[in-house]
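Only a predicted model underlies this, so the values are computations on that prediction, with no experimental measurement involved.
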Amino acid sequence: MPTTTWNRDHVLSLADFTTAEYDTVLQTAASFQEVLSRRTKKVPSLQGQVVANLFFEPSTRTRSSFELAAKRLSADTLNFAAASSSMTKGETILDTAKTYLAMGTDIMVIRHKEAGVPHAIAQEMDRLGMRVSVLNAGDGQHEHPSQALLDLFTICTLIDRSHPRLELLKDKKIAIVGDILHSRVARSNIWSLTASGAEVHLAAPPTLLPKLFQDFVLAADEKDSSPQLNRKLFLHWDLKPALEDADLVMTLRLQKERMTAYLLPSLREYHQTFGITRQKLQLCKPDVKVLHPGPVNRGVEISSDLMDDPEFSLIQSQVTSGIAIRMALLYLLGSGNDSHTLIK
């Protein structure tokens with residue numbers, strides 16, 4: 001278990017994460033990955049603490065992963081479902097959060113279809129002077145920090161299982177392909193992967209990758225008072241230059257539920273031009289690996305046979321990595337700056 005100081009009360013965005021913070025999360029997750037390989041997969045690290053999963057938007061992987069992670073840490077869990085809650089009777093989001101606060105919640109894991117909701121709840125908790133941590137489990141088209149961290153962990157442990165760290169990705173070429181416009185996963189991955197020194201190549205039809213997309217990275221860097229990162233971000237409206245000599249390819253789901261306009265001629269045409277197949281991977285390096293945050297539209301973003309091929313696909317590894325990463329995040333937030341023993 002790495003010995004370090006963790007100063008964050010909340011994890012809302014990766015835009016201002018430091019290299020030390022990335023490495024702390026990765027190395028803590030590696031320790032928990034070892035715990036998860038044991039016969040007894042539970043540790044008492046957060047015994048007595050309460051983790052509330054407030055999911056105002058449907059989820060399978062993220063919600064189940066956070067719930068299991070909390071239980072592996074011996075925390076008590078509370079699960080919220082909007083459809084069966086008092087919100088159907090007019091209760092506000094903040095009132096819902098305060099209700100869980102009154103029940104003794106220590107960490108709130110929040111997912112919402114609107115950007116900024118986890119930030120608003122974190123600000124309210126801080127205003128009230130409550131020591132409650134908020135973890136963003138995906139907000140609108142803003143960010144999904146834990147997904148990007150588990151993607152990072154999946155890649156880094158592939159390179160060095162015993163000592164995953166950010167520097168392992170320096171100068172790697174990573175292609176992110178698909179519905180980037182609507183993807184909070186893409187935004188968080190852009191922050192983490194460019195912070196590592198990797199070359200990140202975005203590829204999508206023009207309707208799903210506007211030219212101004214690069215501006216949000218550049219604008220954030222200009223406001224950052226820390227030493228400037230030499231972020232390497234490239235935009236392509238053709239798949240070939242993004243895939244050429246790529247070390248890793250991340251393909252993203254077409255988020256039809258968030259599309260408010262007719263942005264694609266057809267799913268068949270999209271698969272022909274931007275869908276990832278074995279043939280298209282021939283442009284990449286021979287040992288290329290493919291990731292997808294899920295859920296997957298088989299035969300659209302990626303061919304079904306490629307998705308199920310362990311020689312190329314890291315998709316199942318991503319799901320497994322999610323538990324260790326979310327254990328690490330809950331542990332770091334729950335422990336604060338106190339000294340805790342991870343394994344007893």
Are [X] and [Y] linked by a side-chain donor-acceptor pair shorter than 3.5 Å?
X: Asn79; Y: Glu67; value: yes
X: Thr251; Y: Glu301; value: no
X: Thr154; Y: Gln318; value: no

In residues 276-283, what donor-acceptor pairs under 3.5 Å come from side-chain atoms, sequence neighbours left out?
residue : atom : partner : partner atom : Å
Thr277  : OG1  : Lys280  : N            : 3.3
Arg278  : NE   : Asp305  : OD2          : 2.7
Arg278  : NH1  : Asp309  : OD2          : 2.9
Arg278  : NH2  : Asp309  : OD2          : 2.8
Lys280  : NZ   : His271  : O            : 2.9
Lys280  : NZ   : Gln272  : O            : 2.9
Lys280  : NZ   : Gly275  : O            : 2.7

So, does [X] use its side chain to make a donor-acceptor pair with the main chain of [Y] at under 3.5 Å?
X: Ser133; Y: His10; result: no
X: Arg187; Y: Ile180; result: yes
X: Asp23; Y: Leu166; result: yes
X: Thr105; Y: Tyr100; result: yes
X: Thr273; Y: Tyr270; result: yes
X: Asp179; Y: Leu254; result: no
X: Glu21; Y: Thr18; result: yes
X: Asp139; Y: Glu143; result: yes
X: Ser303; Y: Gly299; result: no
X: Trp237; Y: Lys211; result: no

Between Lys173 and Glu244, is there a side-chain N and carboxylate O pair less than 4.0 Å apart?
->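 Looking at Glu244 together with Lys173, the answer is no, because their closest N to O distance does not fall below 4.0 Å.
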Flag the pair Arg131 and Asp9 as a salt bridge only when some basic side-chain nitrogen lies within less than 4.0 angstrom of an acidic carboxylate oxygen.
->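 A salt bridge is absent here (no side-chain N lies under 4.0 Å from a carboxylate O).
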Should Val319 and Val249 be counted in the same cluster of Ile, Leu, Val, Met, Phe, Trp and Tyr side chains packed under 4.5 Å apart?
->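 No: no chain of side-chain contacts under 4.5 Å links Val319 to Val249.
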With the 4.5 Å side-chain cut-off for hydrophobic clustering, are Leu291 and Leu233 part of the same group?
->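 Yes, Leu291 and Leu233 fall within the same hydrophobic cluster.
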With a 4.5 Å cut-off on side-chain heavy atoms, are [Y] and [X] touching?
X: Arg61; Y: Gln147; answer: no
X: Arg298; Y: Asp308; answer: yes
X: Leu332; Y: Val11; answer: no
X: Phe32; Y: Leu73; answer: yes
X: Asp76; Y: Leu78; answer: no
X: Leu193; Y: Ile176; answer: yes
X: Glu124; Y: Ile121; answer: no
X: Ile159; Y: Leu169; answer: yes

Would you call the rings of Phe17 and Tyr22 parallel, tilted or perpendicular, where under 30° means parallel and over 60° means perpendicular?
->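 Phe17 and Tyr22: tilted rings.
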When you look at Asp247 and Ile174, which way does the side-chain contact (heavy atoms from CB on, under 4.5 Å) test go after all the steps?
-> CA-CA 6 Å; Asp247 297 281; Ile174 303 173; 5.6 Å; no
Just how far is it from atom NE2 of His142 to atom CZ of Arg184, taken to the nearest 0.5 Å?
->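 Going from NE2 on His142 over to CZ on Arg184, the span is 11.5 Å.
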Gap between atom OG1 of Thr77 and atom CD1 of Ile107 - 0.5 Å precision =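 Nearest 0.5 Å value for the CD1-OG1 distance: 12.0 Å.
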Can you list the residues that meet the side-chain contact (heavy atoms from CB on, under 4.5 Å) rule with Ala137, with sequence neighbours excluded?
->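 Listed in chain order: Phe55, Thr62, Phe66, Val109, Arg111.
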Other residues, nucleotides, ligands: >12 heavy atoms within 6.0 Å of Lys98 NZ =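 Count over threshold, so yes.
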